[in-house]
Amino acid sequence: MTDAVGEHPQYDVFADEFLEHAQDGLFNAHYDRPACLDLLGDVAGASILDAACGPGLYAEELTARGARVTGFDHSPRMIELARHRAPSATFRTHDLSHRLDWLADHSVDIVLFALALEYVDDKLAALREFHRVLRPGGALVLSRLHPTGDWLRHGGNYFAPRVIEETWSRGWQLKYWLEPLEKTCEDLHGAGFLIERLVEPRPTPPAAKIDQDKYDRLCREPTGFLAIRAVPDPRGTPVVNTTPGQRSDAGTL
């Protein structure tokens with residue numbers, strides 16, 4: 001398809017504002033991070049790949065819990081911020097449209113991929129790279145926008161993947177994929193994963209003090225995020241047929 005998010009690191013221009021927003025904000029600090037950290041479980045001694053690590057908020061928490069963290073992000077400014085927040089972790093700038101050729105096969109215990117799936121054009125290729133670098137017995141934890149909430153906001157054909165361009169409340173201009181849950185599940189399957197858990201999180205109680213209306217709505221409606229823990233399928237990676245010359249998914253980064 002002609003739609004694509006493209007290779008521009010969108011968050012680079014407002015990376016500092018995003019850190020301020022996400023550090024203690026309702027959706028990140030009291031909704032997404034608690035859900036993903038719960039799915040990650042005990043990380044002491046584990047090697048974790050923090051994919052699309054942003055300003056290092058996850059890396060800071062994971063290193064404090066005893067994990068060895070390697071993070072990457074498309075945005076150079078995000079990497080600067082992450083290095084400041086989690087100096088014991090290792091970070092680099094990397095675009096998921098390219099292979100993780102700096103990581104060996106079966107070299108990490110856990111891959112964390114929080115709230116970035118929407119910005120990847122070739123999701124199947126990226127997920128296959130995560131599968132490649134995971135050790136046997138490892139796990140992928142990812143979070144994404146809840147597709148039902150997306151559909152309620154934007155309407156149209158729920159089942160038709162499409163790129164949305166919009167301006168968020170702080171004037172942030174973003175371009176991202178709207179896709180049904182089925183597509184995410186099929187991409188995980190195609191990359192060789194089995195879904196172990198799927199969570200539709202509720203915000204933590206302190207979120208009510210930040211915004212009671214949003215807290216109440218997230219407690220009763222699927223309008224926010226969802227999180228998935230997936231593990232490599234011991235039966236091996238499925239073969240996904242593609243027409244020669246075509247990409248494995250709807251597009252590339």
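Only heavy atoms go into these numbers, but all of them, side chains included; no hydrogens, no water, no symmetry mates.
- Between Arg135 and Ser47, some side-chain heavy-atom pair lies under the 4.5 Å cut-off.
- For CD of Glu221, the number of neighbouring non-hydrogen atoms (other residues, nucleotides, ligands) closer than 6.0 Å is greater than 12.
- For CZ of Arg217, the number of neighbouring non-hydrogen atoms (other residues, nucleotides, ligands) closer than 6.0 Å is 12 at most.
- Relative orientation of the His98 and His94 rings is perpendicular, given thresholds of 30° and 60° on the angle between their planes.
- If you check the side chains of Glu166 and Tyr176, you find a donor sitting under 3.5 Å from an acceptor.
- With hydrogens and angles disregarded, no donor-acceptor distance shorter than 3.5 Å links the side chain of Thr223 to the backbone of Gly149.
- A salt bridge between Arg132 and Asp105 is present, with a side-chain N of the basic residue lying under 4.0 Å from a carboxylate O of the acidic one.
- At least one donor-acceptor pair under 3.5 Å links the side chain of Asp73 to the backbone N or O of Gly54.
- One N or O on the side chain of Arg162 and one on the backbone of Asn157 form a donor-acceptor pair closer than 3.5 Å.
- Val43 and Phe130 are assigned to two separate hydrophobic clusters, defined by single-linkage of ILVMFWY side chains at heavy-atom distances under 4.5 Å.
- Considering every non-hydrogen atom in both Leu112 and Cys36, the closest pair reads CD1-CB, 4.2 Å.
- Residues His74 and Pro76 share a closest heavy-atom pair of O-CD, 3.4 Å.
- Looking at Asp216 and Arg220, no side-chain N of the basic residue comes within less than 4.0 Å of a carboxylate O on the acidic one, giving no salt bridge.
- Hydrophobic cluster membership is shared by Leu117 and Phe72, with clusters built from Ile, Leu, Val, Met, Phe, Trp and Tyr side chains linked at under 4.5 angstrom.
- By the salt bridge (charged side-chain N to carboxylate O under 4.0 Å, His left out) test, Glu186 pairs with no residue at all, sequence neighbours left out.
- Side chains of Leu62 and Leu37 form a contact here, defined as non-hydrogen atoms less than 4.5 Å apart.
- Side-chain contact check for Arg85 versus Gln23: some heavy-atom pair is nearer than 4.5 Å.
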Ring pair (Phe, Tyr, Trp, His ring centres under 6.0 Å) between Tyr11 and Tyr119, worked out: CA-CA 11 Å; Tyr11 279 71; Tyr119 306 105; 5.5 Å; yes

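- Remark: the Trp172 side chain and the Glu17 side chain contain an N/O donor-acceptor pair separated by less than 3.5 Å.
- Side chains of Val133 and His131 form no contact here, defined as non-hydrogen atoms less than 4.5 Å apart.
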Intermediate values then yes/no, side chain to side chain donor-acceptor pair (under 3.5 Å), Thr184 and Arg144: CA-CA 9 Å; Thr184 298; Arg144 59 154 292 179; 2.7 Å; yes

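- Between Ala35 and Pro201 the shortest heavy-atom distance is CB-CB, 3.7 Å.
- For the pair Tyr31 and Gly224, the tightest heavy-atom approach, listed with the atom from each and the gap, is OH-CA, 3.5 Å.
- Residues Asn28 and Ala22 approach most closely at CB-O, 3.4 Å, considering heavy atoms.
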Intermediate values then yes/no, side chain to side chain donor-acceptor pair (under 3.5 Å), Arg68 and Ser88: CA-CA 8 Å; Arg68 304 185 310 277; Ser88 63; over 6 Å; no

Residues Val69, Thr90; criterion side-chain contact (heavy atoms from CB on, under 4.5 Å); working and verdict: CA-CA 6 Å; Val69 177; Thr90 301; over 6 Å; no

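- Neither Leu96 nor Ile110 shares a network with the other; the hydrophobic side chains, linked directly or stepwise wherever heavy atoms of I, L, V, M, F, W or Y lie under 4.5 Å apart, form separate groups for each.
- Atom-to-atom distance recorded for Cys185:SG and Leu194:CG is 11.5 Å, nearest 0.5 angstrom.
- Both tests hold for Arg92 against Trp102: distance to the six-membered ring centre under 6.0 Å, angle to the ring axis within 45°.
- With contacts defined as side-chain heavy-atom distances shorter than 4.5 Å, the pair Thr70/Asp50 does not qualify.
- Side-chain contact between Phe113 and Val120 is present, with heavy atoms from C-beta onward closer than 4.5 Å.
- The minimum heavy-atom distance linking Ser75 with Asp12 is given by the pair OG-OD1, 2.5 Å.
- We find that Arg197 and Asp38 are joined by a salt bridge, their nearest charged nitrogen and carboxylate oxygen being less than 4.0 Å apart.
- Around NE2 of His154, the count of heavy atoms belonging to other residues, nucleotides or ligands within 6.0 Å exceeds 12.
- The aromatic rings of His21 and Phe18 sit tilted relative to each other, their planes meeting at an angle between 30° and 60°.
- When the side-chain contact (heavy atoms from CB on, under 4.5 Å) test is applied to Ala139, the partners found at least two apart in sequence or on another chain are Arg229, Val231.
- Residues His146 and Phe225 form no side-chain contact, since every pair of their non-hydrogen atoms from C-beta on lies 4.5 Å or further apart.
- Contact check for Ile228 versus Val199: no side-chain heavy atoms found under the 4.5 Å cut-off.
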side-chain contact (heavy atoms from CB on, under 4.5 Å) between Arg33 and Glu61, intermediate numbers included: CA-CA 10 Å; Arg33 286 207 297 278; Glu61 180 63 32; over 6 Å; no

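- With respect to Asp101 and Arg99, no salt bridge is recorded, no charged nitrogen being found less than 4.0 Å from a carboxylate O.
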